[in-house]
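Have a look at the structure below, then the notes.
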Protein chains: 2
Amino acid sequence: MAITPAAGSSRSASVKDVAATAGVSLGTVSNVLNRPERVSPATRERVERAMAELGFVRNESARSLRTGSTQSLAYVMLDAGNPFFTDVARGIELAAESAGLSLFLCNSDSRSAREGAHLAHLQQQRVQGIVITPVDPDDPQIDQLIERGTPIVMVDRTRAGSSFCSVAVDDVLGGRLAVEHLIDAGHRRVAYVGGPESIGQVRDRGEGARQAWAEAGLPPEDLITLSCEAPTVACGRTAGERLVGLPARRRPTAAFCANDLLALGLLQQTISSGRTVPGDLAIVGYDDIEFAAAAAVPLTSVRQPRQDLGRRAAELLLDEVDDPAHEHEQVVFTPELVARASTLGRP
Amino acid sequence: MAITPAAGSSRSASVKDVAATAGVSLGTVSNVLNRPERVSPATRERVERAMAELGFVRNESARSLRTGSTQSLAYVMLDAGNPFFTDVARGIELAAESAGLSLFLCNSDSRSAREGAHLAHLQQQRVQGIVITPVDPDDPQIDQLIERGTPIVMVDRTRAGSSFCSVAVDDVLGGRLAVEHLIDAGHRRVAYVGGPESIGQVRDRGEGARQAWAEAGLPPEDLITLSCEAPTVACGRTAGERLVGLPARRRPTAAFCANDLLALGLLQQTISSGRTVPGDLAIVGYDDIEFAAAAAVPLTSVRQPRQDLGRRAAELLLDEVDDPAHEHEQVVFTPELVARASTLGRP
DNA sequence: GCTCCTTCCTGAAACGTTCAATTGCAGCAT
DNA sequence: ATGCTGCAATTGAACGTTTCAGGAAGGAGC
């Protein structure tokens with residue numbers, strides 16, 4: 001290995017070094033960095049050349065120590081493996097980028113402990129604010145953060161009458177849309193395949209389904225609810241087997257699943273057991289993940305404006321950061337039904 | 001709203017404030033934080049109580065300014081929407097967590113400009129090191145980072161004889177595994193459905209496929225190569241149509257796809273056109289994404305140890321950070337074939 | 001020649017930590 | 001008494017930046 005040239009000396013260059021090589025004072029260098037219009041073009045250029053020569057990189061720690069604020073936001077996401085949250089993240093990033101801030105993504109992986117560690121660390125970093133999809137919306141650590149001055153915005157979760165903004169999607173409406181669509185298609189026996197009732201989303205979507213059913217004047221007992229342990233592909237398959245096990249006159253002609261993973265599992269089980277979709281069973285999913293359109297039979301699904309969710313959350317956060325008159329807001333987006341072959345195809 | 005209590009005063013508490021309320025000097029507070037064993041239990045407890053009372057949160061900017069190093073790593077990922085990279089990220093996070101560091105995830109979204117902005121910002125943050133799956137492995141900004149002292153480890157990309165570590169998977173071997181599996185199953189006309197040749201992975205997997213084919217003594221013209229514009233589901237469907245268009249005696253009985261998205265598209269097209277898998281066409285994918293197992297016909301695929309990739313990358317980075325005798329290493333992992341119904345089922 | 005502006009630059013004081021050097025103080029041996 | 005030893009706590013100087021009160025130089029107006 002060749003000996004590194006002068007540029008690669010031990011410590012990295014500071015404003016002081018730049019000032020020395022440019023033959024100006026340290027304050028001038030800072031001005032070039034922060035208020036270039038105050039520096040004469042000649043000196044400015046000299047300073048800039050010195051920076052380039054020394055490979056100067058501004059030390060963000062010192063900067064934010066001095067100014068008392070950082071240039072960054074964070075999104076603490078529930079599950080980085082779930083496309084829903086990565087799309088939300090993309091929306092946040094877009095908003096952060098156009099505000100000139102950088103975004104730290106943290107993944108709690110649905111574990112309270114990791115979430116807590118991330119929050120503590122972000123607080124120490126003095127990030128401007130935090131967007132979060134929390135493991136538990138009622139976690140007292142969230143209140144503690146707010147009390148100590150870090151603005152928070154919650155995405156896809158809410159807490160009644162709370163001291164922060166939140167952005168969510170109307171899941172009751174989503175459930176209605178799905179079931180109204182099935183009723184319109186002529187189905188009179190439908191299954192709601194839900195996940196564990198402990199998840200608010202699962203409850204709300206089921207509630208919407210029941211509302212639509214009742215409003216159509218259909219008998220409640222013809223809307224069967226199947227609860228799964230987890231909203232996964234494997235559970236969707238199991239649900240399929242349970243449906244087949246029902247006596248023919250009670251067996252539903254359509255199923256509305258609380259998310260696309262369940263729907264895909266159900267779809268797979270139905271097809272591989274030799275029945276057809278939608279002929280023997282029409283299926284509606286929820287989330288409209290990328291693979292929904294790519295399934296063996298393209299899946300009808302309820303789409304949420306994921307990226308908008310993120311963007312709006314970031315905007316609310318930024319508003320709270322720099323508008324002293326900010327008022328907390330609970331934004332609710334509207335979902336949309338995307339009809340595809342799994343409910344539309346030839347019977 | 002109630003008036004916030006004393007704790008919520010304007011500025012957040014500093015070590016100085018803690019020292020004052022605990023009635024000790026500022027250095028003692030720092031000792032409680034960093035070398036608690038040097039402080040007598042009585043004082044320590046007094047200081048800790050003061051911290052709790054004031055809601056003291058250590059200012060990480062000041063800390064890292066003083067110590068000259070941060071407690072964080074970063075992973076600049078190519079595409080946060082691709083499960084492959086989120087699994088890599090999970091591996092990195094595991095390693096970072098057990099080293100007591102926190103991880104910043106940045107998404108370049110395959111855009112050079114975003115990647116550059118992230119790298120610049122991370123350099124300003126003085127992160128300990130950066131794991132990256134770059135848009136372009138030869139980007140000079142990467143060399144510049146290394147020159148200026150930020151260690152880099154590359155994941156899933158490499159550069160010949162370079163000045164940093166890298167971690168990748170043997171894609172040539174992966175291609176061999178896939179095609180050997182098909183040959184073993186009796187296939188004598190096979191298609192390799194690749195993406196654009198500009199992607200190194202696509203080339204390597206194809207190369208492995210050809211090697212296996214040649215070693216089995218099969219005629220080269222019976223291994224057809226289909227190039228797609230992009231490795232997506234839609235392109236996989238198109239590839240399916242092109243296969244059907246071939247004259248029967250040239251039509252392959254099996255296809256090896258450069259990734260699972262292509263394979264899923266091909267699978268979908270095959271089934272919806274009334275043919276069967278693997279009866280009319282056996283299919284092997286690559287990546288073993290979660291949906292591979294959940295497809296209409298569960299997909300045989302080549303699995304990469306994604307999480308291990310990330311973990312190892314982080315370990316190499318950490319080694320470089322704190323071992324002065326560190327030597328750069330190019331780690332290559334071994335892929336593994338996961339056989340499922342798309343090549344195994346009853347014909 | 002004098003004052004009064006501008007423009008461009010300087011110098012020093014913060015910001016909140018850490019850490020090495022230092023003081024104070026008790027206990028113990030001389 | 002006097003000097004050691006060792007522990008506990010204190011002191012003060014950094015770290016690299018921003019900011020702000022000015023100072024020097026030069027020009028305009030009288």
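This structure is a prediction, so every number in the text was calculated from the model and none was measured. Letters A, B, ... mirror the listed sequences (proteins, then strands); counts begin at 1.
- When the C1' atoms of four end pairs are superposed on the next four at each end of the helix from C:dG1-D:dC30 to C:dT30-D:dA1, using five pairs per end, the two resulting axes differ in direction by 60°, to 10°.
- Every residue two or more places apart in sequence or in another chain that forms a salt bridge (Lys or Arg N to Asp or Glu O under 4.0 Å) with B:Glu97 is listed here: A:Arg111, A:Arg114.
- Taking atom CD of residue B:Glu60 and atom P of nucleotide D:dC15, one finds them 19 Å apart after rounding to whole Å.
- Dashed line: the shortest gap from a side-chain N or O of A:Asn59 to OP1 or OP2 of D:dT17 is not under 4.0 Å.
- Within the structure, no pair that satisfies the salt bridge (charged side-chain N to carboxylate O under 4.0 Å, His left out) test touches residues 19-33 of chain B, not counting sequence neighbours.
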5' to 3', nucleotides 4-12 of chain D under a 4.0 Å protein heavy-atom cut-off (B base, S sugar-phosphate only, - none) gives ----SSBB-
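- A nucleotide of DNA chain C counts as in contact with chain B when one of its atoms lies under 4.0 Å from a heavy atom; the first and last such, 5' to 3', are C:dG16 to C:dC19.
- A:Arg90 meets the side chain to side chain donor-acceptor pair (under 3.5 Å) test with B:Asp109; sequence neighbours excluded.
- B:Arg38 is linked by a side-chain contact (heavy atoms from CB on, under 4.5 Å) to B:Arg35, counting only residues two or more places apart in sequence or in another chain.
- With salt bridges taken as basic N to acidic carboxylate O contacts below 4.0 Å, one links A:Glu45 and A:Arg49.
- Looking at B:Glu115, its side chain does come within 3.5 Å of a backbone N or O of B:Val135 through a donor-acceptor pair.
- At D:dG16, none of the side-chain N or O atoms of A:Ser14 fall inside 4.0 Å of OP1 or OP2 (strictly under the cut-off).
- Rounded to an integer number of Å, the gap from CZ of A:Arg63 to C1' of D:dT19 is 12 Å.
- Residues satisfying the side-chain contact (heavy atoms from CB on, under 4.5 Å) test with A:Asn34, not counting sequence neighbours, are A:Ser30, A:Arg58, A:Arg63.
- Under the salt bridge (charged side-chain N to carboxylate O under 4.0 Å, His left out) criterion, the residue pairs touching residues 118-142 of chain B are B:Asp138-B:Arg159, with sequence neighbours excluded.
- Residues that satisfy the side-chain contact (heavy atoms from CB on, under 4.5 Å) test with B:Arg46, not counting sequence neighbours, are B:Val24, B:Thr43.
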Table please: side-chain donor-acceptor pairs of residues 148-157 of chain B below 3.5 Å, with sequence neighbours left out.
from: B:Asp156; atom 1: OD1; to: B:Gln201; atom 2: NE2; distance (Å): 3.2
from: B:Asp156; atom 1: OD2; to: B:Gln201; atom 2: NE2; distance (Å): 3.2

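- Residues satisfying the side-chain contact (heavy atoms from CB on, under 4.5 Å) test with B:Arg311, not counting sequence neighbours, are B:Ala95, B:Asp308, B:Glu315.
- Protein atom CZ of A:Phe56 is 10 Å distant from nucleotide atom P of D:dG16, rounded to whole Å.
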